[in-house]
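Sequence positions, counted from 1, serve as the residue numbers for this chain.
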Amino acid sequence: RPNLPVLVTGLTACWRANQEWTQEPPGVLGRKEPCIQHISSAYGSSVVEVESPPDASSVERTSSGGYERPRTRVTLSEFAISSGGYIKDWHFKAEFPNEAERLFPTPTIFRDDWLNSFAKHAGSSSMPRTRYFESMQVAGALPEREAPSCSHSTSVAAARAVSDYHFVYLGGQGTRTHLHADVLGSYSWSANICGLKVWHFLAPELTYLVRDIFGRRLAPDFLVSKEASSQGALFENARGAGDHWRFPLLYRATSVCEEVVQAAGDAVFVPSEWHHTVKNEVDTLSVNANWFNRHSLCFVSRRLRRTLPTIDDDDDPRQRAAGQKESPQVGKAPFDAWDFAYLLEWKIEEAGRLLACGGNPGVDAASDLSEIARIARDMSEDELCHSTCFRAQMKAAALQAETHLL
């Protein structure tokens with residue numbers, strides 16, 4: 001199946017955020033930059049995560065073997081008067097859903113989104129609180145506040161009930177995201193409201209080129225440029241810039257990676273399992289989301305199947321909900337195999353209803369059910385999974401999906 005990077009030009013030209021969240025720099029015609037003061041005046045009490053400025057020397061290695069700079073939590077008002085940094089993973093849509101739909105509605109081509117639809121459903125239902133929802137709950141993490149002054153009819157309590165995988169990113173010239181592949185094996189999309197991003201992509205089958213000599217750690221970035229790839233120098237801000245010997249094939253990765261230049265109004269489709277880096281060439285404001293549907297279900301299930309040997313029957317959230325077991329400590333990955341099982345149950349029910357009432361234009365419920373049945377049956381037969389409850393739940397999901405197709 002196609003699983004390639006795509007640049008869609010002019011996709012967000014009609015977004016209201018293009019007018020309300022941007023301004024023309026003095027003396028510069030035809031170019032927009034983020035209007036931080038306006039955004040701050042409307043949403044200044046929102047708490048955001050800010051990554052250290054690009055000239056900071058500290059770069060930390062993550063549990064997955066990649067790199068990132070330290071983050072601090074500040075209000076948007078505090079960020080507006082600070083010395084810079086990169087706002088990442090601002091859950092604007094979770095906090096202000098009505099405003100998000102008004103300012104930057106999700107483009108039609110990205111709307112078949114099972115992950116965020118499930119998050120919205122689970123946040124308003126009484127389903128078991130799995131690790132994802134225990135770790136992603138916003139309640140208590142954000143300060144109490146009234147609706148912002150630009151006034152929209154948003155219920156703050158409802159917006160704070162559960163988080164999602166929709167984000168706003170805001171960074172100055174030179175801010176960047178280190179080499180990584182997106183969470184869960186999901187797709188992602190990124191749309192520029194203003195600014196300019198340069199992406200570099202590496203195909204999944206070439207991932208070994210960016211691993212160290214032991215095959216564990218990822219390089220922090222590609223080399224400075226394809227011209228520099230022959231010199232074997234890591235980019236200037238990486239910790240251990242002199243130990244390029246740890247990544248002997250990085251020059252090859254740099255020479256074969258694919259470059260995508262994303263201008264204002266453009267959207268980038270990020271395929272599953274492609275490692276990539278992103279750099280803001282000028283001050284840039286963008287909207288991003290992780291998502292998956294039946295086309296990427298195989299990638300997500302493959303990523304989660306690596307965790308199956310670590311789960312057992314005591315991890316069943318239904319048992320935890322019944323008070324039989326304390327909830328385990330949440331790790332860095334907030335979405336686990338049990339969440340995936342409940343997502344499939346929800347999607348089977350939704351697709352079954354659509355199929356029973358004659359379908360819905362643009363939604364192929366039969367194909368959705370067929371792929372779910374195939375994935376669920378494969379996972380139910382995975383002998384590396386020691387949880388009989390999980391395997392039984394996946395087998396039941398496969399049977400349920402197949403029944404709807406009869």
(request) Could you tell me how the ring of Trp15 sits relative to the ring of Phe104: parallel (under 30°), tilted (30 to 60°) or perpendicular (over 60°)? (result) tilted
(request) Determine, using ring centers only, whether Tyr169 and Trp90 are less than 6.0 Å apart. (result) no
(request) Starting from the C-alpha separation in whole Å, work towards a yes-or-no answer on side chain to side chain donor-acceptor pair (under 3.5 Å) for Trp114 and Asp112. (result) CA-CA 6 Å; Trp114 296 8; Asp112 186 14; 3.3 Å; yes
(message) A side-chain contact here means heavy atoms from C-beta on lying under 4.5 Å apart; do Cys194 and Thr22 qualify?
(response) yes
(message) Tell me if the aromatic rings of His166 and Phe92 count as close, with their centers under 6.0 Å from one another.
(response) no
(request) Apply side-chain hydrogen bond (donor to acceptor under 3.5 Å, both in side chains) to Glu381 and list each qualifying residue two or more places apart in sequence or on a separate chain. (result) none
(request) Could you tell me whether Tyr208 atom OH has more than 12 heavy atoms of other residues or ligands within 6.0 Å of it? (result) yes
(request) For Ser301, check side-chain contact (heavy atoms from CB on, under 4.5 Å) against everything at least two apart and list the hits. (result) Phe340, Ile375, Met379
(request) In sequence, state the C-alpha distance, the side-chain angles, and the governing distance for Asp368 and Ile348, and then conclude on side chain to side chain contact (heavy atoms under 4.5 Å, CB included). (result) CA-CA 8 Å; Asp368 288 349; Ile348 290 168; over 6 Å; no
(request) List the steps and the verdict of side chain to side chain contact (heavy atoms under 4.5 Å, CB included) for Arg211 and Phe247. (result) CA-CA 6 Å; Arg211 297 278 181 191; Phe247 307 99; over 6 Å; no
(message) Tell me if the aromatic rings of His180 and His276 count as close, with their centers under 6.0 Å from one another.
(response) yes
(message) Can you confirm whether Ile87 sits close enough to Leu76 that some side-chain heavy atom of one is under 4.5 Å from a side-chain heavy atom of the other?
(response) yes
(message) Quick check: Trp189 with Phe269 (ring centres under 6.0 Å apart)?
(response) no
(request) For the residue pair Val210 and Leu202, establish whether any side-chain heavy-atom pair is separated by less than 4.5 Å. (result) yes
(message) If you define the side chain from C-beta out and look only at heavy atoms, does anything of Asp113 sit under 4.5 Å from Asn293?
(response) no
(request) Indicate yes or no: at least one non-hydrogen side-chain atom of Leu369 is less than 4.5 angstrom from one of Leu355. (result) yes
(message) Are Phe390 and Trp338 an aromatic pair, judged by ring center distance below 6.0 Å?
(response) yes
(request) Go through Asn280 and Tyr86 one step at a time and tell me if the side chain to side chain donor-acceptor pair (under 3.5 Å) criterion holds. (result) CA-CA 10 Å; Asn280 295 322; Tyr86 194 179; 3.3 Å; yes
(request) Could you pull out all residues at least two apart from Thr403 that satisfy side-chain contact (heavy atoms from CB on, under 4.5 Å)? (result) none
(request) State which residue, out of Arg306, Arg302, Arg305, fulfils the salt bridge (charged side-chain N to carboxylate O under 4.0 Å, His left out) condition with Asp382. (result) Arg305
